[in-house]
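Computed from a predicted model, the values in this text were never measured in an experiment. In each ligand, atom 1 is the first atom listed, and ligand 1 is the first ligand listed.
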Amino acid sequence: MTHSELKERFARIYGGRTEDVRLFSAAGRINIIGEHIDYCGGPVLPAALNLRCLVAARKNGGNVIRLAATTIDKRAELDIGRLDGYRKLEWGEYQAGVAYVMQNDGYNIVGCDLLYDCDVPFGSGLSSSAAIEVATAYTLSTFSGEAGCKTGDNVALALLSQRAENEYAGVNCGIMDQFASAMGKKGNAIFLDCATLKYEYVSLDLGGYAMVIANSNKKRSLQESKYNERRAEVTAALELLQTRLPRAKNLADVSVGDFEGAKGVLSGKILDRARHVVYECDRVKRSVAAMRRGDIAELGRLLNESHYSLRDLYEVTGKELDALTNFSRGAAGCIGSRMTGAGFGGCAVSLVQKDRVAEFVDSVGKLYKAATGLDAAFYDAFADDGAFEIRV
Ligand code: GLA
């Protein structure tokens with residue numbers, strides 16, 4: 001939908017003139033490497049995408065936030081005097097959570113009409129929820145500032161969006177998705193230390209290679225319970241390792257060498273989970289080094305190793321993502337492929353020679369369909385900016 005179509009749609013729903021409608025935008029994200037690492041306090045390498053959540057917005061002078069969407073037939077109305085009461089909304093819970101957290105933090109939440117136009121596919125591991133949260137936070141923060149009250153920079157908006165997801169929506173996610181959605185930079189990935197939030201941009205100019213995103217279209221049914229289970233397992237692993245390595249505050253603080261020396265305190269699944277985290281952190285750092293020296297073949301190998309570790313040690317892939325990445329690796333011109341996001345379904349990211357992308361999409365799509373009965377979707381996506389107001 002074009003910007004003017006979105007404004008016209010807004011005017012049809014809420015009335016008024018299209019000239020008064022403003023547009024805010026936040027990004028979906030892909031994680032290149034560093035999976036299930038953010039909540040262990042380690043390094044990750046996501047990039048914001050041109051798959052985005054747009055919000056058409058206008059203050060309404062009242063005491064309600066009205067919500068509508070272009071892609072689903074749902075509406076909601078939030079009374080800004082009782083924002084804590086919308087936790088069970090069928091749709092609009094993320095927006096309510098953001099408004100609630102912001103109000104408690106001293107932002108002036110003003111009445112407004114909002115229309116969401118989100119082309120981040122839902123439930124695909126590309127962080128549609130983070131994009132909705134951050135776009136909402138950016139809009140409400142701008143309006144709060146215009147009322148002479150508090151505003152937040154993009155890092156603050158990412159953090160409060162994460163809190164909304166943790167405390168209001170009850171999803172125990174880390175900071176990676178919201179940070180990428182807010183802080184992305186066109187053409188770049190973000191090398192983010194999730195313990196300190198220090199970050200550097202890393203160019204995604206990969207020479208003759210493109211990042212291809214493929215959606216397995218497998219519904220991620222197990223995701224939430226297994227996600228929380230993994231978080232509990234790595235917490236248990238850290239507590240045991242701390243008996244040998246008392247200076248480690250986070251599991252990601254444990255180096256490969258220290259881990260190999262201390263791992264005797266761990267066994268079974270807990271040992272496997274911790275091994276994934278420790279070696280995945282190392283792979284993120286090696287990936288960034290490889291990208292900086294233009295060694296894309298090494299990056300491809302690290303993507304493969306990451307997937308194998310998520311499959312065999314962390315056990316979050318599932319047969320669809322394993323099939324999709326296997327077929328991808330076998331395709332001509334592909335030098336690496338892995339699942340991205342929480343797992344159990346959702347998307348894979350592959351490094352493919354630019355002039356072979358069309359052939360890759362065709363052959364992988366057919367093989368995947370024959371093996372699983374599912375149609376994979378491939379996105380023509382690139383690394384984009386984080387959250388901003390669109391000024392036309
Ligand atoms: C989900 C969570 C993130 C992160 C990834 C796994 O996307 O929202 O915080 O933990 O899973 O890397």
Side-chain angles (χ1 to χ4, degrees), residues 26-49 51 53 93-94 97-98 120-134 158-184 189-195 197 199 213 215-216 218 220-235 250-252 273 276-281 283-284 287 302-303 306-307 309-311 313-318 321 338-349:
R29 68 98 189 89
I30 179 104
N31 187 23
I32 296 163
I33 195 162
E35 215 63 84
H36 287 276
I37 293 302
D38 57 354
Y39 55 81
C40 299
V44 294
L45 192 64
L49 294 175
L51 297 168
C53 175
E93 184 194 29
Y94 291 126
V98 167
V120 188
F122 291 112
S124 65
L126 299 179
S127 294
S128 56
S129 55
I132 291 170
E133 289 153 4
V134 172
L159 282 165
L160 68 84
S161 296
Q162 182 205 11
R163 268 174 54 218
E165 184 140 349
N166 292 169
E167 293 165 16
Y168 201 93
V171 181
N172 208 8
C173 66
I175 186 59
M176 172 171 76
D177 304 348
Q178 290 80 8
F179 197 95
S181 177
M183 293 294 292
I190 311 172
F191 180 30
L192 170 68
D193 177 339
C194 296
L197 296 190
Y199 65 95
I213 302 172
N215 188 346
S216 67
K218 153 83 179 145
R220 302 175 308 166
S221 48
L222 274 175
Q223 191 199 322
E224 233 165 78
S225 59
K226 291 287 176 191
Y227 189 87
N228 290 337
E229 190 181 294
R230 293 295 176 279
R231 288 199 67 149
E233 287 166 340
V234 292
T235 305
N250 294 305
L251 189 49
R273 309 302 190 230
H276 165 74
V277 171
V278 169
Y279 280 84
E280 181 79 353
C281 291
R283 279 189 288 271
V284 176
S287 296
L302 290 164
L303 296 192
S306 171
H307 186 90
S309 177
L310 289 157
R311 181 190 66 194
L313 300 177
Y314 220 68
E315 297 183 286
V316 291
T317 58
L321 281 169
R338 63 179 287 276
M339 58 151 270
T340 182
F344 301 109
C347 285
V349 56

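- The shortest distance between side-chain heavy atoms of T317 and H307 falls below 4.5 Å.
- Two residues are said to be in side-chain contact when any heavy atoms from C-beta on lie closer than 4.5 Å; E35 and E280 meet this criterion.
- Contact between A48 and A180 at its shortest, heavy atoms only, is CB-O, 3.4 Å.
- Remark: D193 pairs with A195, T196 by the side chain to side chain contact (heavy atoms under 4.5 Å, CB included) rule, at least two apart or across chains.
- In the model, R338 has a side-chain atom that pairs as donor or acceptor with a side-chain atom of S306 under 3.5 Å.
- Note on ring orientation: taking the six-membered ring where Trp is involved, the planes of Y227 and Y39 are perpendicular (angle over 60°, cut-offs 30° and 60°).
- Closer than 4.0 angstrom to ligand 1 lie heavy atoms from R29, E35, H36, D38, Y39, C173, G174, M176, D177, Y227, G341, A342.
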